[in-house]
Amino acid sequence: MDIYKEIARLNPRQKEAVIHTDGPLLILAGAGSGKTRVITTRTAYLIHTGVNAGSVLAVTFTNKAAREMKERVRSMVRGGGAAPVISTFHSLCLRILRREIERLGYRKDFTIYDTSEQVSLLRNILSDIRFHDKSFKPESILERISRTKNDIARPEAADSDDPIEEASARIYPRYLDALKSMNALDFDDLLLLTLRLFREHPDVLERYRERFRYIMVDEYQDTNRIQYDFIKHLAGQRRNLCVVGDDDQSIYGWRGANLGNILDFEKDYPGTVTVRLEQNYRSFGHILEAANGVITNNRKRMEKSLWTDRGQGPKVNILKAADTEDEAGWVVNRISMIKFERNRPDEDFAIIYRANTFSRPFEEALRRQRIPYSVVGGTSYFENREIRDLAAYLKIIANPSDDLSLLRIANVPKRGLGTGAVCGLSDYSRLSSISLLEAFGRAADVPGLGKKAAGSAEALFRLIGRYREIFGKGREMGRGLHELIGEISYRDYIGEVYKTPETVFRKVENVAGFVDSITHYESVENVPSLQGFLETMALTDLIEQKEEKGGRGVTLISLHSSKGLEFPVVFISGTEEEILPHRKSANSDEGIEEERRLFYVGITRAMNELYITYADHRSKYGKEMQAVPSRFIDEIPEGVIRRLDRFEKLGPEEEKDYAKKCFANIRAILGD
């Protein structure tokens with residue numbers, strides 16, 4: 001592909017962003033303004049100008065975005081040789097730690113714990129210190145620990161008058177010690193330890209600075225404190241740093257994203273060139289006027305205004321429904337009418353709400369009309385119990401220090417190692433300062449452990465050792481997993497645990513799918529390894545799996561999950577005070593501004609038609625309560641609004657037009 005022909009297709013502001021190569025660059029990319037095209041074209045242009053491809057680093061947040069960028073760059077860059085590094089933050093840090101982590105006192109075969117494993121570890125710690133206050137949920141403590149890590153705070157910094165904060169400060173050092181003793185990291189550690197590596201080992205930092213001479217960061221408005229510091233260290237004095245983002249779409253403050261990172265970029269990097277991408281290629285004009293009218297009410301933002309040459313299109317439709325059920329019924333009826341009138345497929349429609357708890361009435365209404373739909377945000381495949389069990393076997397095989405994984409599968413399937421036996425083995429491992437797996441291997445020496453339990457523990461120790469050799473070869477791992485499943489009779493175990501044939505069949509199918517996944521991994525990797533497969537599993541974006549559009553039928557999705565997607569026809573429902581803005585955000589200016597940005601994100605998902613609905617009454621806590629329309633509706637310019645009557649009828653001309661379209665659709669269906 002001719003890079004100059006590609007650049008010629010860009011609008012003037014996009015071209016300006018692409019050809020600016022050296023020094024700090026801030027690309028303010030409004031919704032639907034073609035930012036991915038700009039980033040990938042800029043990457044290809046850098047390489048075309050003579051920059052070594054391996055010196056170019058592009059960092060984003062999801063595997064999906066990284067894959068899309070890689071494919072686009074590959075299509076624009078001719079020839080072989082080195083390729084630019086296009087990666088998520090976590091994948092990049094994992095790659096660095098696999099090479100360098102021994103400098104921090106860890107082994108290179110460390111395990112990455114997901115949320116459920118972190119919660120299990122915290123439960124064990126709470127039990128060890130005899131912390132029996134049931135009001136303290138491990139998830140709440142984990143949230144505070146994560147926040148402390150992402151703020152790069154020390155354990156004592158978590159101390160406060162809040163009892164949960166105090167408990168978290170007490171547990172934090174034990175949690176860190178427990179992770180390190182098991183040679184395990186959580187997701188936050190991937191970034192935190194990489195930053196620590198850079199700070200404590202300047203030679204390592206200098207090596208990566210020399211390698212990555214041109215850095216780009218996508219979705220910069222979503223970066224937190226630790227990601228900000230990581231990028232600043234890596235950019236160094238060279239300052240060839242390009243960040244791309246939209247402060248108006250910063251909606252993840254609740255999970256640590258710092259809006260100030262993008263707002264203060266020009267101050268942090270003097271001499272920054274700022275390019276505003278304001279031409280929108282997604283939506284009609286009336287939709288963009290509505291979005292601009294809302295977001296201009298935020299004070300903390302960088303000035304920009306979306307525009308389009310697509311034309312004005314239909315006005316933004318606003319409906320007041322009687323109650324929750326009436327709202328859902330009206331929305332689904334309108335979908336049915338548009339489908340029939342305009343012959344649109346189900347996949348063209350999205351119903352967007354503040355949180356997944358609001359999906360129920362829409363699901364029921366869609367079922368009544370037999371309209372297929374998919375709810376974004378269901379249970380991930382990797383969260384199924386059988387997958388977690390088998391993954392735990394693979395983790396203890398890959399990392400013999402992973403006590404938590406061993407605890408999970410010690411008696412799965414049942415092998416006579418009950419709670420008492422496992423506690424005895426755990427106590428022995430602590431007193432002897434050895435891993436739990438080593439304690440299993442010495443089970444005959446554990447005081448008070450029965451002969452049968454000791455035999456089972458030693459048999460499991462030998463099984464893990466044998467499969468460690470099998471998987472260590474890095475080939476035919478699919479066959480190895482299949483043999484392991486057979487040897488431990490895991491399918492029989494499924495039949496014992498689940499009673500209905502349908503559930504057993506589904507669970508067995510999941511197990512077969514897991515074997516297929518490791519076999520597929522082997523087939524696409526040049527140097528496959530068990531550790532590599534587990535990394536792929538750990539870094540699979542669970543959020544991405546849940547949020548990707550692609551299910552069959554009408555999409556039901558939360559506002560947060562809808563970011564990055566687009567649909568021809570969008571319904572934003574439940575646009576009421578205490579829902580949007582959420583009641584928890586209503587007491588602070590920062591909270592209201594983030595909720596307004598969330599509404600703005602919802603509006604800008606719509607390509608052709610936008611409907612905004614709210615109810616006069618809504619059921620809360622089992623009671624019908626008066627609802628108040630969201631303040632954000634009043635911020636939409638009146639000139640772009642069409643207010644719908646719940647019982648509105650079509651006018652004579654509209655009826656004629658609608659009848660013609662209906663007859664045309666009927667003829668098309670009948671093949672006339």
Side-chain angles (χ1 to χ4, degrees), residues 30-32 248-249 278 280 282-298 304-323 326-335 337-338 341-342 344 348-354 559 562 566-581 592-593 595-618 626-651 653-654 657-658:
D248 290 335
Q249 295 188 74
E278 298 172 294
N280 177 285
R282 175 187 298 154
S283 307
F284 279 130
H286 281 137
I287 294 170
L288 297 181
E289 287 180 42
N292 290 332
V294 169
I295 203 62
T296 52
N297 289 277
N298 272 4
K304 75 182 82 66
S305 183
L306 298 177
W307 62 275
T308 185
D309 58 10
R310 286 191 66 199
Q312 289 298 86
K315 289 190 174 183
V316 175
N317 301 281
I318 297 180
L319 173 84
K320 174 183 176 180
D323 54 28
D326 184 50
E327 178 185 42
W330 185 91
V331 167
V332 173
N333 283 336
R334 179 59 57 135
I335 288 173
M337 189 181 86
I338 296 172
E341 178 185 346
R342 296 168 212 168
R344 281 199 175 279
D348 277 5
F349 299 89
I351 301 172
I352 307 180
Y353 31 68
R354 178 61 179 78
L559 282 162
S562 72
E566 59 183 36
F567 303 89
V569 185
V570 166
F571 295 82
I572 302 176
S573 64
T575 315
E576 301 151 26
E577 293 291 310
E578 297 196 351
I579 296 176
L580 186 67
I592 290 295
E593 292 209 351
E595 291 290 300
R596 186 177 283 114
R597 292 193 292 269
L598 191 58
F599 186 47
Y600 172 86
V601 165
I603 292 173
T604 53
R605 299 312 95 198
M607 300 166 67
N608 302 332
E609 296 179 65
L610 174 63
Y611 294 81
I612 297 170
T613 66
Y614 62 96
D616 185 60
H617 289 79
R618 191 170 293 276
Q626 183 75 39
V628 178
S630 170
R631 69 192 76 182
F632 300 149
I633 292 178
D634 292 334
E635 296 172 355
I636 299 174
E638 195 63 37
V640 306
I641 291 175
R642 179 191 181 201
R643 295 188 183 272
L644 301 178
D645 183 343
R646 170 66 184 84
F647 301 103
E648 113 184 282
K649 296 185 181 299
L650 298 174
E653 293 304 314
E654 287 180 304
D657 187 47
Y658 181 62

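Residue numbers count from 1 along this sequence.
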Inset, instruction - Go through the steps to decide whether L306 and Y600 satisfy the test side chain to side chain contact (heavy atoms under 4.5 Å, CB included), and finish with yes or no. - result: CA-CA 12 Å; L306 298 177; Y600 172 86; 3.2 Å; yes
Inset, instruction - Output yes when a side-chain donor or acceptor of Q249 lies under 3.5 Å from a complementary backbone atom of R597, and no otherwise. - result: no
Inset, instruction - Could you tell me whether a side-chain N or O of T575 sits under 3.5 Å from a main-chain N or O of S630, the two making a donor and an acceptor? - result: no
Inset, instruction - Start with the C-alpha distance between L559 and V601, add both sets of side-chain angles, then the distance that settles side chain to side chain contact (heavy atoms under 4.5 Å, CB included), and finish with yes or no. - result: CA-CA 7 Å; L559 282 162; V601 165; 5.9 Å; no
Inset, instruction - For the pair E278 (side chain) and S305 (backbone), establish whether a donor and an acceptor sit closer than 3.5 Å, ignoring hydrogens and angles. - result: yes
Inset, instruction - Hey, could you give me the CD1/CD distance between I579 and E595, rounded to the nearest 0.5 Å? - result: 11.0 Å
Inset, instruction - Verify, without hydrogens or angle tests, whether N292 (side chain) and E289 (backbone) share a donor-acceptor contact under 3.5 angstrom. - result: no
Inset, instruction - Keeping the roles fixed (side chain from H286, backbone from V316), state whether a donor-acceptor pair exists under 3.5 Å. - result: no
Inset, instruction - For side chain to side chain contact (heavy atoms under 4.5 Å, CB included), just list the numbers for I335 and I351, CA-CA rounded to whole Å, side-chain angles, deciding distance to a tenth of an Å, and then say yes or no. - result: CA-CA 10 Å; I335 288 173; I351 301 172; 4.0 Å; yes
Inset, instruction - Look at the aromatic rings of W330 and F571 and report parallel, tilted or perpendicular, splitting at 30° and 60°. - result: perpendicular
Legend entry - Distance, nearest 0.5 Å, that separates CZ of R596 from CG of L580: 10.5 Å
Inset, instruction - Mark yes or no for whether R310, through its side chain, and M607, through its backbone, hold a donor-acceptor pair below 3.5 Å. - result: yes
Inset, instruction - Would you check if Y611 and L644 make a side-chain contact, meaning some heavy-atom pair closer than 4.5 Å? - result: yes
Inset, instruction - Rounded to the nearest 0.5 Å, what's the gap from CD1 on I641 to CD1 on I612? Could you check? - result: 7.5 Å
Legend entry - Which atom of I636 lies closest to which atom of A290, heavy atoms considered: CG2-CB, 3.7 Å
Legend entry - Donor-acceptor pair, side chain of E609 and main chain of P314, under 3.5 angstrom: no
Legend entry - Among E578, E327, E577, salt bridge (Lys or Arg N to Asp or Glu O under 4.0 Å) partner for R618: E327
Legend entry - N/O donor-acceptor pair under 3.5 Å between N280 side chain and T308 backbone: no
Inset, instruction - Output yes when a side-chain donor or acceptor of R282 lies under 3.5 Å from a complementary backbone atom of T604, and no otherwise. - result: yes
Inset, instruction - Identify the heavy atoms of A615 and A627 that sit nearest to each other, and give their distance. - result: O-CB, 3.2 Å
Inset, instruction - State, with a plain yes or no, whether a side-chain heavy atom of D348 is found less than 4.5 Å away from one of R342. - result: no
Inset, instruction - Quick one: closest heavy-atom pair of P568 and R344, and the distance? - result: CB-NH1, 3.6 Å
Legend entry - Heavy-atom closest pair, residues F284 and G313: CG-CA, 3.6 Å
Inset, instruction - State the CZ-OG1 distance between R334 and T613, to the nearest 0.5 angstrom. - result: 11.5 Å
Inset, instruction - Could you walk me through whether R643 and E638 pass the salt bridge (charged side-chain N to carboxylate O under 4.0 Å, His left out) test, one step at a time? - result: CA-CA 10 Å; R643 295 188 183 272; E638 195 63 37; 3.3 Å; yes
Legend entry - Flag side-chain contact, heavy atom, 4.5 Å: K320 against P629: no
Inset, instruction - Please round to the nearest 0.5 Å and tell me the distance separating atom CD1 of I572 and atom CG of N317. - result: 12.0 Å
Legend entry - Validation row: D248, N298 side chains within 4.5 angstrom (heavy atoms): no
Inset, instruction - Please report the shortest heavy-atom distance between A31 and R605, naming the atom on each side. - result: CB-NH2, 4.0 Å
Inset, instruction - Drop me the distance from E593's CD to I295's CD1, to the nearest 0.5 angstrom. - result: 8.0 Å
